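Working notes for the structure below.
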Amino acid sequence: MTQKESELRQYDWTFQGANSREGVHSIHPYPAKFIPQIPHQLIEIYADSKSDVVFDPFCGSGTALVEAMKKGHSSIGVDVHPLACLISRVKTRPLPDDFGNRAREIITSVRNRYPGDVEPPDLPNIDHWFKKPIQQALTLIIDELEQVENQPTKEALQVALSSIIVRVSNQDSNTRYAAVEKDVTAEDVLQKFSQASSKIESAFKKNSEWRRNSATCDVLNENILEVEPSDIPQKVDLVITSPPYPNAYEYWLYHKYRMYWLGLADPTEVKENEIGARPHYQGSNPRDETDFEERMVSLFDLLRDITTEDATASFVVGRSVIQGEEVDNGKLLERAADAAGFYTADSASRSIPSNTKSFNPGYSKIKDEKILTFKKL
DNA sequence: GAGTTCTTATTCCGTCCATG
DNA sequence: CATGGACGGAATAAGAACTC
């Protein structure tokens, strides 16, 4: 890499003061979301034409996919997490016209039916995580959701419901898995569901025009390490992603009851395939950072096959801690890229503004991230 | 309506403790 | 006694609710 030509370092990546929770990005909580400005800026830098295809192998709730579409690029996202894919699908297609009315009908109907005669589902430890009235309200909403025939409408309503599940449960917060007393009623469930639906409606009203462009978006619910090149429908020009970190957030855990309620894949199966899930780094035979590196090598092997010759692959990574030892994920990624025939074309570091709520440096040990761009040799 | 308090959401790990 | 589910500490800031 020629130091003087670093393009990435010409930009301020902190995006201090930028409102990152605007529009469709805010319809569902998801830990460690991209700030939309990051993929936006990367596309600005690396896309040569509108026909360039953007790929995110760890798409999560779809921030990079949305930003690609806003700029008129088609995109492809992959994630093992079925909830991530659900949210990504909903964000990247138009909101069905009947969404708002459907939401209101469901709320009215549940209010009339409550407490109803439907038994709550037999979820593991359900009484520990949900008060009885909450279970009842959620059961009725799910029952109503099952009557919705139009799949895009149903999925958008599922996102609305999913977005409130942690708030009405006893789970402390999205990323703190402990039961606390919260004082939520069945009526609160309906109110929050109503608010969540309205939020989705207004988010989509603000963002109507970019959905009319010809950009497409494919979301694959797959383990990226098992994806074959032929599974990816188009050649990729830009890879933009933030990979999971070893021993870090556990998406399967924080979203466990969302998945149970919505009848998505078994969370414990998702755990097995989730790169970076903490149980893999503990116990008698723990993984270490070399395992993560190997997985990243197989990711780069895939990327080599599905990208165009002059494609760029940009990663945003921070550091993590495994059993008290600090791990530089950027270094691991560079080694993995190198092993798979990529070189580091550019890099920059990004300090996390101390006034952000999403990354609270006072308590999070991550104080900065790296932005790395790789190209094929 | 500006200024103040209250409430709620957030957190990219280490460790405890239940259960088999 | 290993496994994996559950828990904790508490600063910070955005948004809501209240006050004058």
Side-chain angles (χ1 to χ4, degrees), chain A residues 16-22 25-26 28-35 58 60-61 81 84 123-130 163-184 188 191-192 195-196 199 241-257 259-260 266-272 274-289 292 315-330 332-333 350-370:
Chain A
Q16 194 120 27
N19 184 359
S20 59
R21 324 202 107 222
E22 253 178 4
H25 292 302
S26 64
H28 193 291
Y30 205 84
K33 274 198 268 202
F34 259 145
I35 294 177
F58 305 105
S61 63
H81 210 300
L123 307 181
N125 218 1
I126 187 170
D127 293 330
H128 180 73
W129 293 108
F130 296 87
S163 75
I164 69 159
I165 284 183
V166 170
R167 286 216 307 277
V168 302
S169 77
N170 299 330
Q171 186 177 325
D172 192 358
S173 73
N174 277 298
T175 53
R176 190 173 192 251
Y177 191 74
V180 293
E181 185 58 39
K182 273 200 220 168
D183 193 32
V184 181
D188 291 336
Q191 296 232 344
K192 288 185 199 303
Q195 285 163 7
K199 191 172 177 180
T241 196
S242 177
Y245 303 168
N247 198 36
Y249 275 153
E250 295 187 81
Y251 296 90
W252 72 274
L253 178 69
Y254 302 140
H255 294 310
K256 186 151 78 169
Y257 283 89
M259 296 168 82
Y260 279 140
D266 182 355
T268 55
E269 272 172 43
V270 175
K271 171 179 73 179
E272 293 309 316
E274 189 175 305
I275 300 175
R278 292 177 49 208
H280 302 150
Y281 294 88
Q282 296 168 356
S284 53
N285 190 20
R287 294 177 186 170
D288 59 17
E289 68 270 25
F292 178 75
F315 286 71
V316 181
V317 283
R319 47 178 277 297
S320 51
V321 176
I322 306 178
Q323 314 213 319
E325 293 285 312
E326 197 171 313
V327 179
D328 183 343
N329 295 311
L332 296 178
L333 212 53
R350 153 185 148 70
S351 63
I352 295 163
S354 57
N355 64 346
T356 57
K357 195 168 69 167
S358 52
F359 270 120
N360 183 341
Y363 277 80
S364 149
K365 297 190 179 72
I366 293 189
K367 296 199 165 55
D368 55 70
E369 306 179 313
K370 270 188 196 160

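All of these numbers come straight from a predicted model, not from anything done at the bench. Numbers restart at 1 for each chain; the letters A, B, ... are given by sequence-line order, proteins then strands.
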So, applying side-chain contact (heavy atoms from CB on, under 4.5 Å) with A:Phe130, which one of A:Val184, A:Asn170, A:Ile165 is it?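 Result for side-chain contact (heavy atoms from CB on, under 4.5 Å) with A:Phe130: A:Ile165.
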Is C:dG4 paired to anything, Watson-Crick or G-U wobble with both distances less than 3.5 Å, and if yes, which nucleotide? B:dC17
Please determine, for C:dA14, whether a Watson-Crick or G-U wobble partner exists with both distances under 3.5 Å, and give it or none. B:dT7
Starting from [atom2] on [N], measure out to [atom1] on [X] and report it in whole angstrom.
X        : N      : atom1 : atom2 : answer
A:Asp266 : C:dG4  : CG    : P     : 13 Å
A:Gln171 : C:dG5  : CD    : C1'   : 12 Å
A:Gln195 : B:dT8  : CD    : P     : 12 Å
A:Ile126 : C:dA6  : CD1   : P     : 13 Å
A:Lys199 : C:dG15 : NZ    : P     : 10 Å
A:His255 : B:dT10 : NE2   : P     : 11 Å
A:Asp188 : B:dT7  : CG    : P     : 15 Å
A:Glu181 : B:dT8  : CD    : P     : 13 Å

By nearest atom, which of the nucleotides [options] is closest to the [X] side chain?
X        : options               : answer
A:Ala178 : C:dG8, B:dA9, B:dC12  : C:dG8
A:His128 : B:dT10, B:dA9, C:dC7  : C:dC7
A:Lys256 : B:dC12, C:dA6, B:dC13 : C:dA6
A:Trp129 : C:dC7, B:dT11, B:dC12 : C:dC7
A:Asn174 : B:dT10, B:dC12, C:dA6 : B:dT10
A:Arg167 : B:dA9, B:dC12, B:dT11 : B:dA9

Below the 4.0 Å mark, does C:dG4 have OP1 or OP2 next to a side-chain nitrogen or oxygen of A:His280?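 No.
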How are the rings of A:His81 and A:Tyr30 set to each other: parallel, tilted or perpendicular (split at 30° and 60°)? perpendicular
Test log, rule salt bridge (Lys or Arg N to Asp or Glu O under 4.0 Å), inputs A:Lys370 and A:Asp328: CA-CA 10 Å; A:Lys370 270 188 196 160; A:Asp328 183 343; 3.5 Å; yes
Approximate separation, where rounding is to 0.5 Å, of [X] [atom1] and [Y] [atom2]:
X        : Y        : atom1 : atom2 : answer
A:Phe292 : A:Glu289 : CZ    : CD    : 10.5 Å
A:Asp188 : A:Gln195 : CG    : CD    : 9.0 Å
A:Gln171 : A:His255 : CD    : NE2   : 9.5 Å

Specify the residue among A:Lys182 and A:Tyr177 whose closest nucleotide of DNA chain B lies further upstream toward the 5′ end.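 The 5'-side residue here is A:Lys182.
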Can you check whether any acceptor in the base of C:dG4 is under 3.5 Å from a donor in the side chain of A:Arg278, or vice versa? no
Roughly how many Å apart are B:dG14 and C:dT12, using the C1' atom of each and rounding to a whole number?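 C:dT12 and B:dG14 have their C1' atoms separated by 22 Å.
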Residue whose nearest DNA chain C nucleotide is more 5′ - A:Pro124 or A:Asp172: A:Pro124
Which is true for A:Tyr281 with a 4.0 Å heavy-atom rule: it touches a base, it touches only sugar-phosphate, or it touches nothing?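 Nothing: the residue A:Tyr281, judged by heavy atoms under 4.0 Å, touches no strand.
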Touch class at under 4.0 angstrom, heavy-atom based, for A:Lys271 against every strand present: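 Sugar-phosphate: the residue A:Lys271, judged by heavy atoms under 4.0 Å, touches backbone atoms but no base.
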